[in-house]
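A quick write-up on the structure given underneath.
Convention: sequence-line order gives letters A, B, ...; per-chain numbering from 1. Quantities reported herein were computed from a predicted structural model and do not represent experimental measurements.
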Amino acid sequence: MRQTVNRIRRLWKFRGGVHPPQQKNISTSAPISPAQLPERLVLPLHQHIGEPAEPIVNIGDKVLKGQMIARPQGYVSAPIHAPTSGTVIDIGNYPVPHPSSLSATCMVIHSDGDDRWIEHHAVEDYFRLPPSELRNLIREAGIVGLGGAGFPSYIKFNPGQQKAIQTLILNGVECEPYITCDDLLMRERPQDILSGLLIIQHALQAHECLVAIEDNKPEAFVALRQATEDYDNIEVVQVPTLYPQGSEKQLVKVLTGKEVPADGLALNIGVVCANVGTAAAVHNAIHRGEPLISRNVTITGSAIGSPRNLNVLLGTPMRELIEQCDGNLDRIERLIMGGPMMGFALHRPDLPVIKTTNCILAATAEDLPPQRPELPCIRCGACADTCPVNLLPQQLYWYSKHQNLDKVQEFNLFDCIECGCCSYVCPSNIPLVQYFRFAKGDIWTQEREKEKSDIARRRHEFHQFRVARDKEERQAKRNRKKAALKADTAAAERDKKKAEIQAAIERTQTRRQDAMKDAEMRRSSYQGRTRDHSTAGNAGQQPENSSDTEQK
Amino acid sequence: MTSPTPTSPHTLAAASITRVMLRVIIALIPGLAAYIWFFGWGITINIAFAVLVALGAEAIMLQLRKRPLLPFLTDGSAIVTAVLLAFAIPPLAPWWITFIGIIFAIVVAKQLYGGLGYNPFNPAMVGYVVLLISFPREMTSWVPTLSFSPYELSFVENAIFIFTGHLPAGLAIDALTEATPLDTLKTNLGLGNTVSEIKSQLGLDEATSRLLSVIPIFGAIGGKGWEWINGGFLLGGLWLIYKKVIGWQIPAALLGSLVSISVLFYIIDPDLYASPVFHLFSGATMLAAFFIATDPVTAATSNRGRLIYGVGIGILMYIIRTWGGYPDSVAFAVLLMNMTVPIIDHYFKSRVFGRHGD
Amino acid sequence: MLSALLALSALAIVFGLLLGFSAIKFKVEGDPLVEKIDAQLPQTQCGQCSYPGCRPYAEAIAKGEADINQCPPGGETTIIALADLLERDPKPLNPENGEIKPKTVAIIDEPRCIGCTLCIQACPVDAILGAAKQMHTVIARECTGCDLCVEPCPVDCIDMVPITQDILTWKWPYPDTSLEKAS
Ligand code: SF4
Ligand code: SF4
Ligand code: SF4
């Protein structure tokens, strides 16, 4: 049945890469142990790639362990759950682990010490659920990539409509020096990883699954191989140790020989990668109903007395973890979150553990290279030879240094994965990666500003248009009013005239009638002189009247 | 906790420019040993003097340019330039030849362009070309291999000659010098002789040549003595590739194209054109392929570009050697290709992961 | 709820149409140089260049009436971009036009606002919302930080505050090249 065990799988190579000293043995002697419950937990709302989460509880609210306290905002986002029971004592700006040493919005929970769970239950028969519902559960559980990037997992576990996923790769490579949290997780909980893997496989409807483990982790390899023995479409593959093999695109190349297009995703070639820690978190979410509230963190470095891996509630201050591992804060020369190749230096030790904290490296001077000045690039090409993306770092450096942002993009700056191989080998000690990050930041800022100024231009144009239109409108209104007014007076005038005319007409008519009457009277009086005098008296009156009217 | 260095990686390999340069110098040792064996100690005097002048010039220039002395003076790049140029200068050339060459290389070709990393032309080759054009006589009087020199100068006598121009009593400079094999070949071809004739006259084995009192210039495969020196450079060069100090692209492309084009002409007319093997093992071929053309600062950037660059140098070397006015051609070939580097870099970028074409 | 949605979408459509219409109506045919210059200007529309907005300034530059160093909000970047575009030598900002200041955004102290609408009339990009006798507020996203609304406010309730960096807009600094500094 198990032919795959003996089958030697063909592996490919990516070009470049380096072999920094492993330093893994330091922290693998002790098993993973739970860290102490902290008194105060600080939970940044932005622990993942995408939009920050949005608080759904208020200051003063009591929360239970596992209760959602912030909900995702937008598609690319993840919720945050209370890691323990207690009271929300603040929602505000606190320092967060970020290369900028800046602060960001966090929720602070004062633990009540009970560590009381909210009601939760496992999902029965997850395989009966449609994949979309499964993804939704994963989203609700706040699971993000635990390898270090922190991309919301439910998005990754969506094969889209058009593509069937050929290969699901579980990434247990852990190529960064010092970090061992995945290694120990694989050694200790292969079953959890396997069951998480099966769930993800179901969500993706993937045909085959590969678990990749570097050959410097033989125990983990054996443990997972045993765990997956009965599954035909799951294969555990040992890959030769080489940094940065854990990088998704490089790993896909090694295992499948396919190159993920530079501006595409692994998904585009039918592959999805997930970290082993993520798989274990998925297992917890589905089979136990527990959201992501803790993670394994390697506490290591020469400043740590007993380096090991701890299972840590999110939000725990790193300082407490260092102290629990007999660390000496004064000896720390540089405190690094993540590994020495890609991690970033922290400015203070009391920052909280977040979803992407895989390692706390408390480095003393002996862990770090001696400070050497940056010399000019001698174009030796060592950097280009080690670049796993096959870029020309010396050219990128030249153009980044001189802030030639067009040229630097022409040399594909944005394909750089910031793995640090180039800086690592550079004989001139040039901090190449920082130049690249600087250039990327510059380009982003410029784009943002460009966008902003475009919007401003449009809005200004619209503003001018609106002002002009308003003016026109006002003008038009005024005109109309004037016209209306004019029209009114004209009508009145007309009426008056009409009335006058009418009056005139009437007058003439009356006059004519009078005249006719007069004439009549005169005629009749002339006739009546002979017969009736009395009418003469009348007639004598009438002309007076008529003259009256005439006078009027 | 000191303020954090802002960026990753927080660890570095042990590489440094000094280390790179040191390895280059180590790799020159086999060639140097052969050189000393065949041409005497003059080269060591030249090298030592050249290095001193180079460091002095570098220091003064750094001061003038208001740059810190320390990382730059010890990076070893000036030393490598000096050593390479010293190899190209005849062992008996007077001191001022070396002096002028080095000053030109360091001051003009390197520092005035902005120092390490900013020079578009290979400094050693610029120095050499300046010397060759200005002092053709001094630059082309080579010495015969030691065993055939009428007089073997001691180290001290050599030094005295270089710095004062005095030879031990009774010796004339003409007796001590002769043209290089490539030069001889060219002159004789110009006189209408065929390659094989020239070789049979001048490439005799030791016994016969002693008998006829002709000084042999041609060895079994290349120039006499030069074949061994080239062999030494080849060895050192391979070690450099093995140590990843240099890539294989430029040497392979250079030697490959040189061989291909010489095979072509050799097949057309072996009497007029020297054999590919002769080309490989004469003059500064190996030095050029592994030590001069590979100077990273002035070479092309991408691996594909480096192939083109190497091929270009190989072809130019052959053309200049065969039809040009100068005996050896490395310097001109390298400088000409230095000029094309920006174009090569523009058209031959590497294929980026996940991108097609370009 | 539904009616609100409908009203909002209707409004959106109307404004979209208006915008589109204004784009057509205000489209200036011809002079692409003006367009190109205008594209380099920050569009703050503050008038510090002594023209009534970025576009008039662009036109003035195109006609050769104005120099390239009169836009304080654009600062050095804009001057260099203009110098590149027009193939001239960059020069420092003309101090008569003001000085380079960090980018700011206007904030209205709402309780103090009397709803006079003077600021609305001053805003070149219609970034202030409000009606007569009602308190006003600034759409920070649209505000260009031009300062023009500060002056007219009779109760002085508008402040220009520097834009603070957050972890989303933060960018890596230029490497500290100590050797270069030593020189
Ligand atoms: S490794 Fe450093 S010195 Fe060498 S080419 Fe790259 S950047 Fe330049
Ligand atoms: S950091 Fe970027 S340029 Fe440097 S080796 Fe890695 S991918 Fe290549
Ligand atoms: S000074 Fe103000 S109005 Fe003038 S161009 Fe600059 S931003 Fe536009």
Answer with side chain, backbone, both or neither: which region of Cys421(A) has an atom nearer than 4.5 Å to a non-hydrogen atom of chain B? neither

Which of Gln250(A), His19(A), Arg331(A) touches chain B most, by non-hydrogen pairs under 4.5 Å: Gln250(A)

Where Pro9(B) and Gly420(A) come nearest, the two heavy atoms and their spacing: CG-O, 3.5 Å

When only pairs under 4.5 Å are counted, which of Asp367(A), Leu368(A), Asp385(A), Asp415(A) shares the most heavy-atom pairs with chain B? Asp415(A)

If I measure from the heavy atoms of chain B, does Lys258(A) come under 4.5 Å with its side chain, its backbone, both, or neither? neither

side-chain contact (heavy atoms from CB on, under 4.5 Å) between Asn303(B) and Arg15(A): does it pass, once the steps are laid out? CA-CA 13 Å; Asn303(B) 286 339; Arg15(A) 105 183 243 306; 4.1 Å; yes

Below 4.5 Å, heavy atoms only, C-beta onward: do Tyr118(B) and Pro376(A) meet side chain to side chain? yes

Phe104(B) CZ: over 12 foreign heavy atoms closer than 6.0 Å: no

Taking all atoms of both residues into account, what is the closest heavy-atom pair of Ala13(B) and Val425(A), and its distance? CB-CA, 4.3 Å

Is it the side chain or the backbone of Arg306(B) that comes within 4.5 Å of chain A heavy atoms, both, or neither? side chain

Provide the closest heavy-atom pair for Glu259(A) versus Arg355(B) in the form atom of the first, atom of the second, distance. OE1-N, 4.4 Å

Which heavy-atom pair separates Arg379(A) from Pro296(B) by the least distance, and what is that distance? O-CB, 3.2 Å

Mind ranking Asp345(B), Leu116(B), Thr301(B), Asp75(B) by heavy-atom pairs under 4.5 Å with chain A and telling me who comes out on top? Thr301(B)

Can you tell which part of Cys380(A) gets under 4.5 Å to a heavy atom of chain B, answering side chain, backbone, both or neither? both

Which atom names give the shortest non-hydrogen contact between Gly343(A) and Ser8(B), and what distance separates them? O-CB, 3.2 Å

For atom CZ of Phe414(A), decide whether the heavy atoms of other residues, nucleotides or ligands shown that lie under 6.0 angstrom number more than 12. yes

What are the two closest non-hydrogen atoms of Ile17(B) and Ile378(A), and how far apart are they? CD1-CG2, 3.7 Å

If we define contacts as heavy-atom pairs under 4.5 Å, which of Cys387(A), Ala384(A), Ala303(A), Pro340(A) has the most with chain B? Pro340(A)

Applying a strict 4.5 Å limit to non-hydrogen atoms, the region of Leu391(A) in contact with chain B is both

Test your reading of the model: is there a side-chain donor-acceptor pair from Asn390(A) to the backbone of Phe353(B), 3.5 Å cut-off? no

I need the Gln395(A) CD to His346(B) NE2 distance, nearest 0.5 Å. 10.5 Å

Checking heavy atoms, do the side chain of Pro177(A), its backbone, both or neither come under 4.5 Å from chain B? neither

